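Here's a structure for you.
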Amino acid sequence: MTVTGYVRDRILYINLCGEMDECASQDARVKCDRLIENNVGVGKIIINLSEVAFMDSTGIGFLIGRYKKAAKLSVPLYIEKPNFAADKILNISGIYSLIPKAE
């Protein structure tokens, strides 16, 4: 799992690429948390899932953890461009009630 990020117009964009499973999630958590902690002054965070090839329940836990971290900083978190399979899992889990899709 590759994690990259950048800030534009006070928005932290976090791009995930690869498979979000138990093996990849720990490293991705550390990298995402570091990006969030290093950009505390942003107005919102968008996690782009367009290049996530596979996601299981570990991915849901990963997203909820980032949601909690952002909420502690009073920064809204959004999900962007999940593929069909990931979107289906996210819909079934009800995660969009916590973390809406970016418009």
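As the structure is a computational prediction, the values presented were derived from the model and not from experiment.
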Supply the members, apart from Val30, of the Ile/Leu/Val/Met/Phe/Trp/Tyr cluster built from side-chain contacts under 4.5 Å; use none for a lone residue.
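Members other than Val30 - counting any ILVMFWY side chain reachable under 4.5 Å - there are none.
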Find out whether Leu63 and Leu98 are in side-chain contact, i.e. whether some heavy atom of one side chain is under 4.5 Å from a heavy atom of the other.
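The answer is no, as the side chains (C-beta and beyond) never meet within the 4.5 Å cut-off.
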Distance (rounded to the nearest 0.5 Å) between Tyr67 OH and Leu77 CG:
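The CG atom of Leu77 is 9.0 Å from OH of Tyr67, to the nearest 0.5 Å.
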For Tyr13, all residues meeting ring pair (Phe, Tyr, Trp, His ring centres under 6.0 Å), sequence neighbours excluded
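By the ring pair (Phe, Tyr, Trp, His ring centres under 6.0 Å) rule, Tyr13 matches Tyr6.
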Please report the closest heavy-atom contact between Lys101 and Pro82, naming both atoms and the distance.
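Between these two residues, the closest heavy atoms are CE-CG, 4.4 Å.
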First locate atom CE of Met1, then atom SG of Cys32, and finally report the distance between them rounded to the nearest 0.5 Å.
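Spacing of CE (Met1) from SG (Cys32) equals 9.0 Å.
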Any pair with a residue in residues 8-24 that passes salt bridge (Lys or Arg N to Asp or Glu O under 4.0 Å), sequence neighbours left out, goes on the list, sorted by first then second residue, please.
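Listed by first then second residue: nothing to list.
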Under the salt bridge (Lys or Arg N to Asp or Glu O under 4.0 Å) rule, what pairs show up with a residue in residues 58-75, not counting sequence neighbours?
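For residues 58-75: Asp33-Arg66, Glu37-Lys69.
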Pairs flagged by ring pair (Phe, Tyr, Trp, His ring centres under 6.0 Å) wherever residues 19-58 is involved - sequence neighbours left out:
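Matches after skipping sequence neighbours: none remain.
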Is Thr2 close to Leu16 at the side-chain level, that is, under 4.5 Å between some pair of heavy atoms?
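The answer is no, as the side chains (C-beta and beyond) never meet within the 4.5 Å cut-off.
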Using atom types as modelled, flag every donor-acceptor pair under 3.5 Å from a side chain in residues 39-50 to any protein atom, sequence neighbours excluded.
unit_1 : atom_1 : unit_2 : atom_2 : d
Asn39  : ND2    : Leu35  : O      : 2.8
Asn48  : OD1    : Ser50  : N      : 2.8
Asn48  : OD1    : Ser50  : OG     : 2.7
Asn48  : ND2    : Glu80  : OE1    : 3.1

Minimum side-chain heavy-atom gap Lys31-Ile14 below 4.5 Å
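Result no, sub-4.5 Å side-chain heavy-atom pair not found.
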Look up atom OG in Ser93 and atom CG in Asn91, then write down how far apart they are to the nearest 0.5 Å.
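Going from OG on Ser93 over to CG on Asn91, the span is 7.5 Å.
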Salt bridge (Lys or Arg N to Asp or Glu O under 4.0 Å): which pairs involve residues 50-60, sequence neighbours left out?
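Applying salt bridge (Lys or Arg N to Asp or Glu O under 4.0 Å) to every pair that reaches into residues 50-60, excluding sequence neighbours, yields nothing.
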Given the rule that I, L, V, M, F, W and Y join up when any side-chain heavy atoms are under 4.5 Å apart, are Ile36 and Tyr78 in one cluster?
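Hydrophobic grouping puts Ile36 apart from Tyr78.
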Identify whether Ile95 and Val75 are in the same connected component of the hydrophobic contact network (ILVMFWY, side-chain heavy atoms under 4.5 Å).
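Yes: a chain of side-chain contacts under 4.5 Å links Ile95 to Val75.
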With sequence neighbours excluded, tell me which residues meet side chain to side chain donor-acceptor pair (under 3.5 Å) with Asn83.
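Asn83 satisfies side chain to side chain donor-acceptor pair (under 3.5 Å) with no residue once adjacent residues are dropped.
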Under the rule for side chain to side chain donor-acceptor pair (under 3.5 Å), what residues qualify as partners of Tyr96, not counting sequence neighbours?
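With neighbours one apart ignored, the set is Asp87.
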Could you identify which residues cluster with Ile92, counting Ile, Leu, Val, Met, Phe, Trp and Tyr as linked when any side-chain heavy atoms lie under 4.5 Å apart, either directly or through a chain of such contacts?
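Result for Ile92 is none, singleton.
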